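To start, the structure itself, in structure tokens.
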Amino acid sequence: MTIIETLQNAVVRAVEQLYGETFEPGKVQINTTPAEFTGDYTVVIFPFVKIAKKAPDAAGAEIGGFLQENVPEVQGFNTIKGFLNLELGTAYWQHFLQTALSDTGFGRQPRNGRKVMVEYSSPNTNKPLHLGHVRNCLLGWSCSRILDAAGYDVVKTQIVNDRGVAICKSMLAWQKFAEGKTPGSTGIKGDHFVGDYYVLFENKTKEEYESWQQTPAAKALYAEKHKPDQPEKDFFKEYKNKWFNDHSRLGAEVRDMLLRWEAGDPDTVALWQQMNNWVYAGFDETYAKLGVAFDKLYYESDTYLLGKDIVDDGLQKGAFFRKEDGSVWVDLTDAGYDQKVVLRADGTSVYITQDLGTARMRYHDFNCEKMVYVVADEQNYHFIVLFEVLKRLGEPYADGLHHLSYGLVELPTGRMKTREGTVVDADDLIDEVVNLAWENARERDTELTDVDPAGRAEDIRRIGLGALKFYMTKVNPRKKMIFNPEESVDLQGQTGPYIQYSHVRINGLMQRVEKEGVDLAPAKNYTAYRPEEKELLKALHEYPNTVLAAAREYDPSHIANYCYNLAKSYHRFWHELSIFNADSAQAKAFRLVLSRAVGQALKSGMELLGIEMPERM
RNA sequence: GGCUCCGUAGCUUAAUGGAUAGAGCAUCUGACUACGGAUCAGAAGGUUAGAGGUUCGAGUCCUCUCGGAGUCACCA
């Protein structure tokens with residue numbers, strides 16, 4: 001039982017005895033006491049005022065008195081304006097510190113035997129990963145780690161969008177123009193290699209379209225179809241999709257290729273596998289650099305026909321209905337949404353059919369009671385519909401579905417656009433932040449460069465990536481993010497390196513403890529806490545609660561902000577108090593023990609964000 | 001237009017319905033010849049977009065208005 005639960009229960013007993021009313025323990029509000037008041041935890045008294053028929057402070061004093069008498073941990077209290085501030089005794093804090101230190105899993109909940117699947121990244125195989133995938137991957141990875149720490153068994157997965165017209169474009173361009181070149185022969189990373197042919201296809205198509213616009217047929221079409229005052233340029237911009245479907249030679253070839261792929265034509269399938277394998281090799285490299293991984297991969301080429309049995313199921317249960325043309329629909333108008341098609345008239349699947357089928361398949365594969373989809377907020381509506389439909393079908397996991405929706409990453413110049421070349425490539429970005437960390441390190445210190453070059457390089461990599469990862473996880477996922485390249489590699493202030501630095505400081509202390517064989521036992525006799533010590537201790541104490549809150553809300557930014565606050569308290573503590581030169585052996589031992597526990601929590605918290613700690617910086 | 005999300009200091013942001021809205025960046029002023037200054041202390045900067053309402057108490061909940069984004073495909 002946590003201290004908060006202990007206090008809640010005790011308050012319920014107090015109210016029962018004093019005023020003869022029962023209350024639900026969960027309804028008792030207990031907050032950490034703000035720094036400007038004395039106390040550790042604060043009970044909000046207002047809800048009891050009516051029952052007590054007393055002024056807030058009088059009721060608070062009575063409840064406080066009861067708690068002090070009946071709860072051993074409560075040593076003192078004061079009431080101010082309806083808030084009952086409770087002070088916990090040093091025995092409690094000493095015990096807590098010892099537990100936090102010896103418990104290697106401090107902040108981790110015991111296994112709860114429940115399984116959750118987290119889907120993230122889910123790239124297309126026709127181009128490399130970009131900045132948006134980086135946010136997605138960091139959120140997905142972090143969310144997985146947090147759920148794991150909260151006691152769940154987590155299955156990390158991605159669904160690879162490996163089929164469709166996009167990859168066929170790359171394939172066709174490669175076939176026509178590559179003259180047998182490969183990533184191996186050119187030295188280009190596989191995903192970039194394939195992406196280049198996708199771009200080439202788009203460029204060739206553009207050329208074809210522009211020359212087509214000069215033909216008499218095109219001119220006649222414009223003359224006949226354009227809206228009043230519409231310039232030729234605008235007309236043809238609008239017409240592009242229709243042109244691609246009706247007139248383009250490349251368009252015809254690419255559709256032909258897709259048909260051959262669907263028919264299982266061996267040559268086409270072989271080429272498709274070849275090119276996707278190049279891409280996967282590239283992705284693996286990027287994922288490794290980012291420090292993320294997956295337990296199970298699903299491929300859209302395997303899943304894109306799924307879901308038809310669910311459609312039958314839905315028809316039988318009356319959740320779906322069939323229109324005259326044979327298409328199948330779900331009517332969500334009673335819930336304030338639209339009617340959505342779930343199966344085309346020709347019997348083929350649409351996007352949501354596939355997702356319905358995939359959800360059921362995953363449930364059968366892993367028996368997950370929860371599934372988290374890390375997908376950008378563009379698809380909010382899709383997931384509302386998907387979850388609603390699964391609920392109406394009575395799927396057993398329907399209540400455990402969560403869309404971890406995050407805002408798009410934009411540049412200061414606006415939204416990223418492939419066509420305008422404003423996409424920030426993931427590999428470039430990672431290299432860039434590490435380079436900047438190098439530059440910065442060289443300016444700082446020359447002493448560290450001559451020892452252990454390999455360890456030094458690894459530390460710098462951790463610092464650069466730490467800056468990037470913290471920058472991207474510290475904001476609430478829901479918020480649209482303006483990616484400012486300069487701020488993302490800041491190393492001062494509310495940043496990853498700020499936190500890493502506090503850990504490095506602690507490391508330094510611990511090495512000295514080791515070297516000098518400092519006796520830490522006197523720590524338990526130290527009780528006269530200084531404000532900086534108490535603040536730090538209280539901050540440390542909040543770690544397990546923070547992990548639980550982050551898991552409950554699927555929100556890594558709670559962890560990021562917590563780590564920052566803890567590091568901030570530590571820096572202040574460090575600056576205000578002498579550790580090795582403390583007044584007494586007890587104070588010295590206590591501060592060292594506290595430092596060690598804080599170091600462990602910081603390391604553990606940052607690990608939840610996928611951030612590693614450097615040895616030195 | 002319907003639906004969803006967002007709007008907090010110049011900028012980036014925090015705050016299970018609780019106390020004087022908390023940080024960082026940028027600006028200005030300071031800090032021990034001491035455990036590492038990627039640090040610390042301080043100043044300045046806020047009508048939480050606006051107006052009503054609910055509540056003992058609202059940045060947070062409700063209604064309306066304004067501004068921004070997304071979505072409203074038999075695309076994925």
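Just so it is clear, the model here is predicted, and its values are computed rather than measured. Throughout, protein chains are lettered first and strands after them, A, B, ... in sequence-line order, and every chain is numbered starting at 1.
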Which pair of heavy atoms, one from Phe244(A) and one from Gly251(A), lies closest together, and at what distance?
CZ-CA, 3.5 Å

Counting the atoms with a prime plus P, OP1 and OP2 as sugar-phosphate, which does Leu577(A) contact under 4.0 Å by heavy atoms, base, sugar-phosphate, or nothing?
base

For residues 555-567 of chain A, the salt bridge (charged side-chain N to carboxylate O under 4.0 Å, His left out) pairs (sequence neighbours left out) are none

Any Trp329(A) side-chain N or O less than 4.0 Å from OP1/OP2 of C74(B):
no

Please work out if Asn507(A) contacts a base, only the sugar-phosphate, or nothing of the nucleic acid, heavy-atom cut-off 4.0 Å.
nothing

Per Tyr501(A) side chain, nearest of listed nucleotides G37(B), C74(B), A23(B)
G37(B)

When all nucleic acid strands are considered with a 4.0 Å heavy-atom cut-off, which category describes Ser557(A): base, sugar-phosphate, or nothing?
nothing

Measure CE/Met472(A) against C1'/U12(B) and give the value in whole Å, please.
14 Å

When the P atoms of U54(B) and A21(B) are considered, how many whole Å apart are they?
24 Å

When you measure from the side chain of His575(A), which nucleotide among U39(B), G18(B), C75(B) comes out closest?
U39(B)

Please tell me if the side chains of Tyr471(A) and Thr495(A) come closer than 4.5 Å, counting only heavy atoms from C-beta onward.
no

Which value, in whole Å, describes the distance between the C1' atoms of nucleotides G2(B) and U48(B)?
29 Å

Where the side chain of Arg572(A) is defined as all heavy atoms beyond and including C-beta, which of A41(B), C74(B), A31(B) is the nearest nucleotide?
A41(B)

Does Lys323(A) place a side-chain N or O at less than 4.0 Å from the phosphate oxygens OP1/OP2 of C74(B)?
no

Check the distance between U13(B)'s C1' and Asn565(A)'s CG and give it to me in whole angstrom.
13 Å

Once you apply a heavy-atom cut-off of 4.0 Å, does Leu592(A) come out as touching a base, just sugar-phosphate, or nothing?
nothing

Val44(A) has a side chain; which of A38(B), G18(B), A14(B) sits nearest to it?
G18(B)

Assess whether one donor atom and one acceptor atom, taken from the side chain of Thr495(A) and the base of A38(B), lie less than 3.5 Å apart.
no

Whether Phe46(A) stacks on the six-membered ring of G57(B) base, 5.5 Å and 30° limits:
no

Does some side-chain heavy atom of Tyr406(A) sit less than 4.5 Å from a side-chain heavy atom of Met472(A)?
no

Could you tell me whether the side-chain ring of Phe83(A) sits stacked on the base of A19(B), using a centroid cut-off under 5.5 Å and a plane angle under 30°?
yes

Starting at the 5' end of RNA chain B and moving along, which residue's nearest nucleotide shows up first, Asn85(A) or Lys480(A)?
Lys480(A)

Mind checking the C1' distance from A14(B) to C72(B)? Whole angstroms is fine.
34 Å

P atoms of C62(B) and G46(B), separation to the nearest Å:
29 Å

Nearest-neighbour nucleotide for the Glu487(A) side chain, A15(B), C40(B), C11(B) considered:
C11(B)

So Gln500(A), base contact, sugar-phosphate only, or nothing? Heavy-atom distance under 4.0 Å.
nothing

For the side chain of Glu378(A), counting heavy atoms from C-beta on, which of U71(B), A76(B), C35(B) is nearest?
U71(B)

So which atom in Pro497(A) and which in Leu491(A) form the shortest heavy-atom distance, rounded to 0.1 Å?
CG-CD2, 3.5 Å

If I pick the P atom on U27(B) and the same atom on U65(B), what distance separates them, to the nearest angstrom?
43 Å

Please walk me through it: do Asp40(A) and His541(A) pass side-chain hydrogen bond (donor to acceptor under 3.5 Å, both in side chains)?
CA-CA 11 Å; Asp40(A) 300 316; His541(A) 189 255; over 6 Å; no

Is the Lys NZ or Arg CZ of Arg163(A) less than 6.0 Å from the centre of Tyr304(A)'s six-membered ring, within 45° of the axis?
yes

Member of Thr79(A), Thr42(A), Asn31(A) meeting the side-chain hydrogen bond (donor to acceptor under 3.5 Å, both in side chains) criterion with Asn85(A)
Thr42(A)

Check whether any side-chain heavy atom of Val547(A) lies under 4.5 Å from a side-chain heavy atom of Ile559(A), and answer yes or no.
yes

Quick one: is G36(B) close enough that its OP1 or OP2 comes under 4.0 Å of any side-chain N or O from Arg616(A)?
no

Check this for me: does the side-chain of Asp377(A) come within 3.5 Å of the base of C6(B) through a donor and an acceptor?
no

Distance below 4.0 Å between Tyr498(A) side-chain N/O and C40(B) OP1 or OP2:
yes

Residue pair Ala437(A) / Ile463(A): nearest heavy atoms and the distance that separates them:
CB-CG2, 4.4 Å

Here the helical stems involving RNA chain B, each at least 3 consecutive Watson-Crick or G-U pairs closer than 3.5 Å, sorted by first residue number, are B:1-7 with B:66-72, B:10-13 with B:22-25, B:27-31 with B:39-43, B:49-53 with B:61-65

Expressed in whole Å, how much space separates the P atoms belonging to U55(B) and C11(B)?
36 Å

d(CD, Gln379(A); C1', C5(B)) in whole Å:
15 Å

Integer-rounded Å distance: C74(B) P and Phe320(A) CZ:
16 Å

C1' atom, G45(B) versus C28(B): distance in rounded Å?
12 Å

Distance between the C1' atoms of C35(B) and G30(B), in whole angstroms?
23 Å

Which whole-number value in Å describes the distance from Lys50(A) NZ to C56(B) C1'?
8 Å

Heavy atoms only, 4.0 Å cut-off, all strands: where does Asn476(A) land among base, sugar-phosphate and nothing?
sugar-phosphate

So what does Val504(A) touch, heavy atoms closer than 4.0 Å: a base, only the sugar-phosphate, or nothing?
base

Is a salt bridge present between Arg362(A) and Glu119(A), judged by a nitrogen-to-oxygen distance below 4.0 Å?
yes

Return the nearest nucleotide to the side chain of Val350(A); candidates are A76(B), A23(B), C35(B).
A76(B)

For a quick check of understanding: with a heavy-atom distance under 4.0 Å over all strands, which category does Ile463(A) fall into, base, sugar-phosphate or nothing?
base

Taking only side-chain N and O atoms of Arg505(A), does any of them lie within less than 4.0 angstrom of OP1 or OP2 on G37(B)?
yes

Please test Ser349(A) against Gln354(A) for side-chain hydrogen bond (donor to acceptor under 3.5 Å, both in side chains), starting from the C-alpha separation and ending with a verdict.
CA-CA 7 Å; Ser349(A) 316; Gln354(A) 203 184 124; over 6 Å; no

Side-chain atoms of Arg478(A) come closest, of A14(B), C5(B), A19(B), to C5(B)

Base, sugar-phosphate or nothing for Gln29(A)? Non-hydrogen atoms, less than 4.0 Å.
base

Go through G18(B), C74(B), U71(B) for me and flag the one nearest to the Asn31(A) side chain.
G18(B)

Please tell me which of the listed nucleotides, A14(B), A23(B), C56(B), lies nearest to the side chain of Lys479(A)?
A14(B)

Mind calculating the distance between CD (Glu542(A)) and C1' (U16(B)) to the nearest angstrom?
12 Å

Determine the contact category for Tyr564(A): base if any of its heavy atoms lies under 4.0 Å from a base atom, sugar-phosphate if only primed atoms, P, OP1 or OP2 are that close, otherwise nothing.
sugar-phosphate

